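To start, the structure itself, in structure tokens.
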Amino acid sequence: MIRVQAEDFDVGAEVAALTRGRTDIGAVVTFSGLVRDVSGDQAVTSMQLEHYPGMTEKELARIEAEAHARWPLQATLIVHRVGELKPGDNIVLVVTASAHREAAFEAATFLMDYLKTRAPFWKREEGQGEARWVDARENDGKAAARWKHR
Amino acid sequence: MIRVQAEDFDVGAEVAALTRGRTDIGAVVTFSGLVRDVSGDQAVTSMQLEHYPGMTEKELARIEAEAHARWPLQATLIVHRVGELKPGDNIVLVVTASAHREAAFEAATFLMDYLKTRAPFWKREEGQGEARWVDARENDGKAAARWKHR
Amino acid sequence: MKLLYFAWVKQKAGTAEEDVVPPADIRDVNGLITWLKTRGDRYEAAFADLDIIRCAVDQEHGDLNTPIAGAMEIAFFPPVTGG
Amino acid sequence: MKLLYFAWVKQKAGTAEEDVVPPADIRDVNGLITWLKTRGDRYEAAFADLDIIRCAVDQEHGDLNTPIAGAMEIAFFPPVTGG
């Protein structure tokens, strides 16, 4: 399931909704990404999340389908917030549910690696009176590349 | 933080407690383990979790300290339930918080791998009129061994 | 053909969206960019360093060699930074 | 010295906990098990396959070679299955 929204999310409520009434799930992994108050060595007081409406949902759905093709997953969820966020706020939530923990951990890591390098979101940070677009991290490209030949 | 308890836990409340008022956490990973209604090819109607009071807490604290020595973590939590559980019930919760996702994901995986092979808990499953002690999974030993030389 | 621009590419290009009719002999994204750069300084600025330009053709990731024949919507943006 | 037994080791040994005074020449866990097995069939049954017996000496994981001198509490159990 894919959601792009301005509103916050509740990790516990999302996990409960995914597992409610089911007895075939043995492992649930969640990843929450939050806004930090520093970026590199620069203070951050707020963050704008821009995205590409239409493509965002399609790309997230493609990434989710790829995870289901690679691992036996009972359920997955990707929630990404857009708009203005403050330090400490949630940005993104990924949830994976499987019979066993290996698949749940690997699929959650994969979803985040792919989301970071393929989902059309852009962060603009503000702090110390100036705004700057965040640069892509080289490590994110490397993290995504390791799934290519698996 | 370590807790061994009969009561259920709430993933969302635990994550909120760990991150509340903090703006230095960029990534939170949670792992929840749940009771499944099958084990191998056998039906499970209930599960008893036995443990070694005293050693359990010490061993979980050792495992947690090892994770903090290996990764830059802002906070960690391990909650393990004991007593009688039913299919769909929570068994274990691990939460890791870090500035970046790599450390949070790796530390959560490590905590579960070590907990599975070192924390003194034993599962006894009931189903189809008989009770049986769960055998250790060979894969769990392999999963734990991969951290030895890192 | 609709063109979309995001993040700093949008700021440099000075627009979020525009409709264009490129010459018929333009076959791929690279040709389209070359043509756009002839249309003014702001396009020169937006496309100054193609190493940090990404594109999508009809909402799928593409590259400089992706054909544009029949495309309805082409987007230009920096490497993504969500998550 | 206090001995503790857990899971099926407890069921086979027929007790969860007992106080014992092993002979002074017993130096390690292996020696302790050998001595316990002379005390009755239920210990023979509990320790029949040492490949699937784990132990802790004073609440730290040990093995067959772990010394028991001065130990207050020794526990025997199957490979753990929590999580």
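Below, read A as the first sequence line, B as the second, and so on, with proteins coming before strands; counting in each chain starts at 1. Just so we're clear, the structure is a prediction, and the values are computed from it rather than from any experiment.
The pair B/Asp140-A/Arg101 counts as a salt bridge, with a side-chain nitrogen and a carboxylate oxygen less than 4.0 angstrom apart. Electrostatic pairing of A/Glu102 and B/Arg137 counts as a salt bridge here, judged by a charged N lying under 4.0 Å from a carboxylate O.
In this structure, chain A has heavy atoms under 4.5 Å from both the backbone and the side chain of B/Ala99. With a threshold of 4.5 angstrom between heavy atoms, B/Val44 does not approach chain A through any atom at all. In this structure, chain B has no heavy atom under 4.5 Å from any part of A/Val94. Within the 4.5 angstrom heavy-atom criterion, no atom of B/Asn90 approaches chain A. Residue contact with chain A, scored on non-hydrogen atoms closer than 4.5 Å, involves the side chain of B/Lys116 exclusively. Only the side chain of B/Ala143 comes within less than 4.5 Å of a heavy atom of chain A; its backbone N, CA, C and O stay farther away.
Checked against a 6.0 Å centroid threshold, the rings of B/Phe105 and A/Phe31 count as neighbours.
Open room surrounds CD on B/Glu138; 12 or fewer heavy atoms of other groups in view lie less than 6.0 Å from it.
If you tally non-hydrogen atom pairs under 4.5 Å between each of A/Pro87, A/Ala104, A/Ala97, A/Ala13 and chain B, the highest count goes to A/Pro87. Of the residues considered (B/Gly21, B/Ser32, B/Gly12), B/Ser32 shows the highest number of contacts with chain A, using heavy-atom pairs under 4.5 Å. Note: A/Thr109 leads A/Asp10, A/Thr109, A/Asp24 in heavy-atom pairs under 4.5 Å with chain B. If you tally non-hydrogen atom pairs under 4.5 Å between each of A/Val15, A/Thr30, A/Asn139, A/Asp89 and chain B, the highest count goes to A/Thr30.
Inter-residue side-chain proximity for A/Thr23 and B/Val35 is flagged as unmet; no heavy-atom pair is nearer than 4.5 Å. Considering only heavy atoms from C-beta on, B/Val28 comes within 4.5 Å of A/Leu34 through its side chain. Put simply, the side chain of A/Arg36 does not reach to within 4.5 Å of the side chain of B/Arg22, judged on heavy atoms.
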